[in-house]
Amino acid sequence: MSHKIIQPDGWLPAKGYANGVLTKNGTLHIGGQIGWDANKEFVNGGFIGQMKQALQNIVDIVEAAGGEVTDVTRLTWFVIDKSEYLAKQAEVGAAYREVFGRHFPAMSMIIVAGLVEDEAMVEIEATAHLS
């Protein structure tokens, strides 16, 4: 077996990339997820709503591969507005815990000038290890 493309049921297909790639050793690489739903429509709620949706998308991909949120070992966040992120720390934490619970993988955050989708405020990529 080489690698397997992971696409949650009911999601519109990704164009030019894969949402998830599961390797034969159980490493799941999850492409950058933004704040849109399975129909590629942005959710309401500004930065917090998009962040929560991006995290939920990661969970959906992990579960589609047969894993669970605690299999996620790394998150890399790309944020376009550092000041908004810092101003909403309490909301960020609460929204994070709603999706990921008290599971805290290794994380990095990078402040960027923009993302491919103009409406996107945050993009999060992940790595998970499934046994």
Side-chain angles (χ1 to χ4, degrees):
M1 166 182 137
S2 60
H3 59 272
K4 178 181 178 185
I5 302 298
I6 303 299
Q7 174 74 12
D9 291 336
W11 280 27
L12 288 177
K15 293 183 181 179
Y17 64 97
N19 284 302
V21 177
L22 181 60
T23 66
K24 61 185 173 183
N25 73 357
T27 302
L28 177 61
H29 300 279
I30 300 170
Q33 297 299 305
I34 58 177
W36 62 20
D37 61 19
N39 295 313
K40 295 186 177 180
E41 295 176 4
F42 280 94
V43 298
N44 293 325
F47 177 81
I48 298 299
Q50 286 193 23
M51 180 207 87
K52 188 174 175 182
Q53 183 65 49
L55 290 169
Q56 186 59 57
N57 292 347
I58 289 167
V59 171
D60 292 349
I61 295 165
V62 170
E63 290 176 350
E68 53 191 50
V69 70
T70 55
D71 293 322
V72 176
T73 57
R74 180 192 61 81
L75 296 172
T76 303
W77 299 54
F78 302 90
V79 174
I80 62 168
D81 189 341
K82 177 181 175 180
S83 60
E84 181 173 18
Y85 172 81
L86 292 173
K88 295 184 175 177
Q89 286 294 285
E91 293 172 79
V92 166
Y96 178 93
R97 288 186 302 277
E98 282 182 45
V99 180
F100 264 62
R102 301 222 38 96
H103 176 63
F104 301 101
M107 292 188 221
S108 298
M109 179 172 288
I110 302 164
I111 307 305
V112 296
L115 297 165
V116 172
E117 295 295 329
D118 289 336
E119 197 173 335
M121 299 175 173
V122 60
E123 183 170 327
I124 307 171
E125 64 179 24
T127 305
H129 294 275
L130 286 57
S131 47

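Atoms considered below: every heavy atom in the structure, side chains included; atoms not considered: hydrogens, waters and symmetry mates. Please read these numbers as outputs of a predicted model, since none were measured by experiment. Starting from 1, each residue takes its place in the sequence as its number.
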Trainee: Taking all heavy atoms of Gly67 and all of Leu130, pick out the closest pair and write down the distance.
Mentor: N-CD2, 3.7 Å

Trainee: Would you name the heavy atoms of Pro8 and Ala64 that are closest together and state the gap between them?
Mentor: CA-CB, 4.0 Å

Trainee: Linking I/L/V/M/F/W/Y whenever their side-chain heavy atoms sit closer than 4.5 Å, directly or via other members, would Val116 and Phe78 fall into one cluster?
Mentor: no

Trainee: Do Val92 and Leu86 belong to the same hydrophobic cluster, where Ile, Leu, Val, Met, Phe, Trp and Tyr are linked whenever their side-chain heavy atoms lie under 4.5 Å apart, directly or via other members?
Mentor: yes

Trainee: CG of Asp60 to CD1 of Ile6: how many Å apart, nearest 0.5 Å?
Mentor: 13.0 Å

Trainee: Nearest 0.5 angstrom please: Ile34 CD1 to Glu117 CD, how far?
Mentor: 5.0 Å

Trainee: Among pairs that include at least one residue of residues 5-14, which meet side-chain hydrogen bond (donor to acceptor under 3.5 Å, both in side chains), considering only residues two or more places apart or in two chains?
Mentor: Gln7-Asn19

Trainee: Table please: side-chain donor-acceptor pairs of residues 42-52 below 3.5 Å, with sequence neighbours left out.
Mentor:
from: Gln50; atom 1: OE1; to: Met121; atom 2: N; distance (Å): 2.8
from: Gln50; atom 1: NE2; to: Glu119; atom 2: O; distance (Å): 3.1
from: Lys52; atom 1: NZ; to: Glu98; atom 2: OE1; distance (Å): 2.3

Trainee: Test: side-chain hydrogen bond (donor to acceptor under 3.5 Å, both in side chains). Region: residues 78-91. Which pairs qualify, not counting sequence neighbours?
Mentor: Asp81-Ser83, Glu84-Lys88

Trainee: Would you give me the side-chain donor-acceptor pairs under 3.5 Å for residues 99-114, sequence neighbours excluded?
Mentor:
from: His103; atom 1: NE2; to: Val69; atom 2: O; distance (Å): 3.4
from: His103; atom 1: NE2; to: Val72; atom 2: O; distance (Å): 2.6

Trainee: Return the minimal non-hydrogen interatomic distance between Leu28 and Ala65, and the atom names on each side.
Mentor: CD2-CB, 3.9 Å

Trainee: Looking at Asn39 and Glu41, would you say the former's side chain and the latter's main chain have a donor-acceptor pair under 3.5 Å?
Mentor: no

Trainee: If you round to the nearest 0.5 Å, how far is OG1 of Thr76 from CD1 of Ile124?
Mentor: 10.0 Å

Trainee: Quick check: closest heavy atoms across Ala38 and Gly10, and the distance to 0.1 Å?
Mentor: CB-O, 3.8 Å

Trainee: Can you list the residues that meet the side chain to side chain donor-acceptor pair (under 3.5 Å) rule with Arg97, with sequence neighbours excluded?
Mentor: none

Trainee: In the structure I gave you, are the side-chain heavy atoms of Leu75 and Tyr96 within less than 4.5 Å of one another anywhere?
Mentor: yes

Trainee: Which side-chain hydrogen bond (donor to acceptor under 3.5 Å, both in side chains) pairs, counting each pair once, include a residue from residues 62-72, with sequence neighbours left out?
Mentor: Glu68-Thr70

Trainee: How about Arg74 and Glu125: do any of their side-chain heavy atoms sit closer than 4.5 Å?
Mentor: yes

Trainee: Enter the distance from Ile30:CD1 to Asn57:CG here, rounded to the nearest 0.5 Å.
Mentor: 10.0 Å

Trainee: Taking all atoms of both residues into account, what is the closest heavy-atom pair of Gln33 and Ile58, and its distance?
Mentor: CG-CG1, 3.8 Å

